[in-house]
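Worksheet for the structure shown next.
Positions are given from 1 along the sequence.
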Amino acid sequence: MEHERQSAPEAAAPGPPTGPTGTRAVHPAAALVLALLLLTGAAAATLRFVQGDRRARPADVDLSVPDWRPDAVEQRRLAEVAAARRAAAPALDDPEVKGLLDAYARFCAVELRTAGDTRSPELADAHADFEQWALTSLRFLGSERYMGLGQVLADRVLAAVQARDRATVEALAGHLVHHLQSTNLVEADLSPRPGTELVVPAIFMARWAQVVRESRPPDTLLSAEERKILLRWKLAANPLVSAERREEVARALSALDPGFPIMRALAARAADERQWAEAARYYAAALQEAPDDGTLRANLELARAQANAQSQRPPAP
């Protein structure tokens, strides 16, 4: 990173000869300006000596996104929620439950066959059937038992991902398997990436809650920790979320999890996409919240330099 250079003040132009020997004296006004500059420079040097030099250094640059994964307290809470749901789960051989599971299995099969194409009449019919069974089951089972059943399925999906059992993942999650791959949660062979064990169940539970949205808002069926992890993942790590959508996610997250470094995450995503002007704007906002953060200062200077270089680059033919 190039540091900002301060050029020495130019000397004032000499005035006409004033003495009998032909020497050139400094003009009184110029002398006053020079004295002020010297005093200012001395004061600035003293301030840097007292407070420390806060200028950014290249070694301070770190454009990585903040860690979005849940901390130990949130992990414990997620485990408690999952355990409570499992305890409330209904018997799988209950006729009402079996009807719902059969409708969901048919939906997953059609979703997989149609590659999740929402224009497909076959998929629309399968979804409508699943939705009707889910709404009926929600009224029959109640929220806790309905979400308990979803948790049982989520556990099986995660176990199948960790075992790289594609057939089981597809049977239990349909086209969701391709979403897990396209968002970099798993590799092509379903090898899990860090965070998978936390995000996959949350994604599945959101899917399970979404189908009954006509009766219950999905957020009321998910725990606060699930909503947080999904929003943080979308903001910081989901490569399919657009810049405009990230702004919406950031607003939702700021209300739910104000302690998360949202501006830093937005800036890092913009920098990763080489949207340097946007990155500079977000880093400037983040620096206002933490003015002594040397990394943010270095990131801001880099983003501004890159944005300036982009603006001067001729457009591609």
Classify the angle between the aromatic ring planes of H175 and H178 as parallel (below 30°), tilted (30 to 60°) or perpendicular (above 60°). tilted

Any donor-acceptor pair under 3.5 Å from R213 side chain to Q210 backbone: yes

Gap between atom NE2 of H127 and atom OH of Y104 - 0.5 Å precision: 10.5 Å

For a 4.5 angstrom cut-off between non-hydrogen side-chain atoms, does L176 reach F204? yes

Is the count of non-hydrogen atoms from other residues, nucleotides or ligands lying under 6.0 Å from R227 atom CZ greater than 12? yes

So which heavy atom on E226 is nearest to which on S223, and how close? OE1-N, 2.9 Å

Are P70 and L78 close enough that some pair of their side-chain heavy atoms sits under 4.5 Å apart? yes

Which label fits F130 and W208: parallel for a plane angle under 30°, tilted from 30 to 60°, or perpendicular past 60°? tilted

Verify the distance criterion only: is there a donor paired with an acceptor across the side chains of R216 and S143 at less than 3.5 Å? yes

Determine whether V61 and E301 make a side-chain contact, defined as any pair of heavy atoms from C-beta on separated by less than 4.5 Å. no

Enter the distance from R251:CZ to L256:CG here, rounded to the nearest 0.5 Å. 15.5 Å

Has R269 got a side-chain atom pairing as donor or acceptor with L235's backbone, closer than 3.5 angstrom? yes

Is any side-chain heavy atom of L287 closer than 4.5 Å to one of R297? yes

Would you check if L190 and Q181 make a side-chain contact, meaning some heavy-atom pair closer than 4.5 Å? yes

Whether the side chain of S215 engages the backbone of V212 through a donor-acceptor N/O pair (distance < 3.5 Å, no angle test) should be reported. no

May I ask you to decide if M205's main-chain N or O and Q151's side chain share a donor-acceptor pair within less than 3.5 Å? no

Kindly indicate whether the side chain of D257, heavy atoms from C-beta on, has any atom under 4.5 Å from the side chain of R232. yes

Pair R69, E74 - check salt bridge (Lys or Arg N to Asp or Glu O under 4.0 Å), show working. CA-CA 9 Å; R69 294 168 296 183; E74 292 170 328; over 6 Å; no

Does any part of the side chain of N238, heavy atoms only, come nearer than 4.5 Å to the side chain of R246, both counted from C-beta? no

Please identify each residue that fulfils salt bridge (Lys or Arg N to Asp or Glu O under 4.0 Å) with D189, with sequence neighbours left out. R164

Heavy-atom donor-acceptor pair, T136 side chain to Q132 backbone, under 3.5 Å: yes

For D219, all residues meeting salt bridge (Lys or Arg N to Asp or Glu O under 4.0 Å), sequence neighbours excluded: none

Check whether E273 reaches the backbone of A270 with its side chain - one donor and one acceptor, N or O, closer than 3.5 Å. no

Looking only at atom types and distance, does a side-chain atom of Q306 sit under 3.5 Å from a main-chain N or O of A303, one as donor and one as acceptor? no

So which of I203, L240, V199 actually passes side-chain contact (heavy atoms from CB on, under 4.5 Å) with T183? L240

Would you mind checking if E225 and K228 are paired as a salt bridge, meaning a charged N to carboxylate O distance below 4.0 Å? no

Test item: P201 and V157 side chains (from C-beta on) under 4.5 Å apart, heavy atoms: no

Within 6.0 Å of CZ in R106, more than 12 heavy atoms from elsewhere: yes

How long is the gap from CG on L302 to CG on D60, to the nearest 0.5 Å? 11.5 Å

CG of L185 to CZ of R193, rounded to nearest 0.5 Å, is 8.5 Å

Given R264, which of D293, D62, T295 fulfils the side-chain hydrogen bond (donor to acceptor under 3.5 Å, both in side chains) condition? D293

In Å, rounded to the nearest 0.5 Å, how long is the span from CG of N308 to CH2 of W276? 13.5 Å

In this structure, CG of L138 is separated from OH of Y146 (nearest 0.5 Å) by 7.0 Å

Does the E144 side chain pair with the main chain of A88, one donor and one acceptor, at a distance under 3.5 Å? no

